[in-house]
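Right, one structure below, let's go through it.
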Amino acid sequence: MTANSQRFREFKMPDVGEGLTEAEILKWYVAVGDTVTDGQVVCEVETAKAAVELPIPFDGVVHELRFGEGTTVDVGQVIISVDTTPDAGPAEEAPASTAAHAEQSAAESLEAEPEQPRRQAVLVGYGAAPSSTKRRPRKARPGAPARPPVAAAVQAELNGHAAVPAPAPAPAPVAPAPVAPAAPAVPAGSRPLAKPPVRKLAKDLGIDLTVVVPTGRDGVVTREDVHAAASAAALAATPEVPEQAVAPAPAPEGVAALAARETRIPVKGVRKATAQAMVASAFTAPHVTEFVTVDVTRTMKLVQKLKDDPDMAGLRVNPLLLVAKALLVAIRRNPDVNAAWDEENQEIVRKDYVNLGIAAATPRGLIVPNIKEAQAKTLPELSRALGELVATAREGRTSPAEMSGGTVTITNVGVFGVDTGTPIINPGESAILAFGAIKLQPWVHKGKVKPRHVTTLALSFDHRLVDGELGSRFLADIAGVLENPQRLITWG
């Protein structure tokens, strides 16, 4: 190891929670040339579970930021390099990264063995472009546009050989199109840089990526580039019609025009994880959903009394608090509900603790943090935990640990004015309770129709763990506590 390599230290993307494989860099808090100290937060990243701030574990001066904001980076990749001895004067050459060292080694091997082509740098996370296998030259498809020529000097620099200029493309019988911005030259035989969804789009549209002009960062082909190429190809394939052959008609709106009126939102981080988890849950756990409509007038009166109780001063008291307490009482009466399915061992794992999940909508998507050991908390402690959970989620500071290990969840759809729904079980849990809006409705009470506060509860449960009888008893107990909250004492 040289003194120069010891001088620069690299900080790699860590696994910030339970085997996650990648994270997106949301924001850099430092720039090249800034001094950093051990434990200083240098960036914020978003994983599939939460946004996390990363501290650097050594002192020095930032030499290089390897990835920009908004980039998804695999765990284990170097994201920042630091000069730990900046007073030692200018360095000969800082280590660029593992990929850069491999690139340099490949270049040295190329000089020794010029007959072997060099590997080209590829898009992060999608493997190396094949170079060891020689392919037979493809025959051009009829009507397919020729590949753009590459300057001989650039070709020689990239491949180590003198390049043979490619023939110029034949002029197409179409009107001149606007000139696209200059793109990085693509070496002959190399693989264009594009993410898998873009490659699939190109395949579906019949577009050869080697002829698409890339406009993305570092020469990456984007979805917009593929759509633009498809529009151009469709225009070129349209036969010319004699001027008097048909009556003029308004042209239909093209693909490019429609695309300009669409907004594409990348699905990543929390949203991506939520989508994958919900699909997995819906198609692996056999869901059963039951409903019950409850008169919660007495519960609403108790909420008001608790707000005036000195023991609850400074705490948030609302109907959700009593729904959570009712659910915990119902689990105590029906402990088999609080379980998980072990697919590998084909076992039902009953849990003697309740990690109560509360579904929370955040700017980054839906997350489900949970209150650990909720069954052991008093009403004031439960209220305090609920308040902290919601505040942390809204600020985007929920940690992965706070979202793991849940056993059962409550989702409060009533805050949106929704009566009820059929909620999907959070993966790894046994059930989820949807709490609907509380509305003043005509209700038969003591033989007379009176205005009463009424709500609808919906319980989805995993039928592998919870059969119809157990699920029905559990939901009926929750409703029984909310209808007559003195059961919090007699049943609790």
Side-chain angles (χ1 to χ4, degrees), residues 1-17 20-107 119-128 183-184 193-195 214-222 266 268-270 272 363-364 396-397 399-400:
M1 181 179 291
T2 65
N4 192 61
S5 62
Q6 292 175 339
R7 173 175 177 176
F8 291 92
R9 298 189 64 179
E10 298 176 332
F11 180 50
K12 299 178 180 180
M13 177 67 74
D15 178 1
V16 295
L20 297 174
T21 60
E22 63 183 17
E24 178 190 353
I25 297 176
L26 295 179
K27 184 176 182 180
W28 281 108
Y29 295 121
V30 296
V32 174
D34 288 355
T35 300
V36 294
T37 57
D38 185 359
Q40 178 180 339
V41 173
V42 294
C43 67
E44 182 183 18
V45 301
E46 182 182 28
T47 69
K49 293 188 174 182
V52 181
E53 292 181 333
L54 298 183
I56 199 161
F58 39 78
D59 302 339
V61 173
V62 177
H63 176 264
E64 184 181 6
L65 304 179
R66 298 287 168 81
F67 299 96
E69 295 177 355
T71 306
T72 299
V73 182
D74 292 337
V75 169
Q77 284 192 292
V78 177
I79 60 175
I80 181 174
S81 65
V82 172
D83 185 352
T84 57
T85 56
D87 297 333
E92 295 176 4
E93 182 182 357
S97 66
T98 304
H101 287 309
E103 193 95 2
Q104 182 178 1
S105 301
R119 290 179 63 182
Q120 182 191 1
V122 298
L123 193 64
V124 173
Y126 296 96
L193 301 182
K195 293 186 177 181
T215 62
R217 184 176 179 181
D218 298 327
V220 176
V221 177
T222 66
K268 50 189 176 182
V270 173
K272 180 179 179 181
R364 292 192 176 99
R397 296 186 293 105
S399 68

Step by step, would you call Glu64 with Arg66 a salt bridge (charged side-chain N to carboxylate O under 4.0 Å, His left out)? CA-CA 6 Å; Glu64 184 181 6; Arg66 298 287 168 81; 2.9 Å; yes
Side-chain heavy atoms of Asp83 within contact of Thr85, under 4.5 Å: yes
Report the distance from atom OG1 of Thr84 to atom CG of Asp59, rounding to the nearest 0.5 Å. 9.5 Å
Any side-chain heavy atom of Ile25 sitting closer than 4.5 Å to one from Leu65? no
With the side chain counted from C-beta on, respond yes when Tyr29 and Lys27 share a heavy-atom pair under 4.5 Å apart, and no when they do not. yes
Would you sort out whether Ile80 and Val30 count as a side-chain contact (heavy atoms from CB on, under 4.5 Å), showing the intermediate values? CA-CA 10 Å; Ile80 181 174; Val30 296; 4.2 Å; yes
Grab the two heavy atoms, one from Pro55 and one from Phe11, that are nearest each other, plus how far apart they are. O-CZ, 3.5 Å
Report yes if some heavy atom in the side chain of Val220 is under 4.5 Å from a heavy atom in the side chain of Pro214; otherwise report no. no
Hey, does Phe67 have a side-chain heavy atom less than 4.5 Å from the side chain of Gln77? yes
Looking only at non-hydrogen atoms, find the nearest pair between Gly219 and Leu193 and report the distance. O-CB, 3.9 Å
Is the backbone of Ala23 close enough, under 3.5 Å, to the side chain of Thr72 for a donor and an acceptor to pair up by distance? no
So do Leu54 and Ile79 actually touch side chain to side chain, heavy atoms under 4.5 Å? yes
Gap separating the NE2 atom of His63 from the CD atom of Glu10, nearest 0.5 angstrom: 10.5 Å
N/O donor to acceptor pairs below 3.5 angstrom from side-chain atoms of residues 32-42, sequence neighbours left out:
from	atom 1	to	atom 2	distance (Å)
Asp34	OD2	Ala31	N	2.8
Gln40	OE1	Thr37	N	3.1

Cys43 and Trp28: which non-hydrogen atoms are nearest, and at how many Å? CB-CE3, 3.5 Å
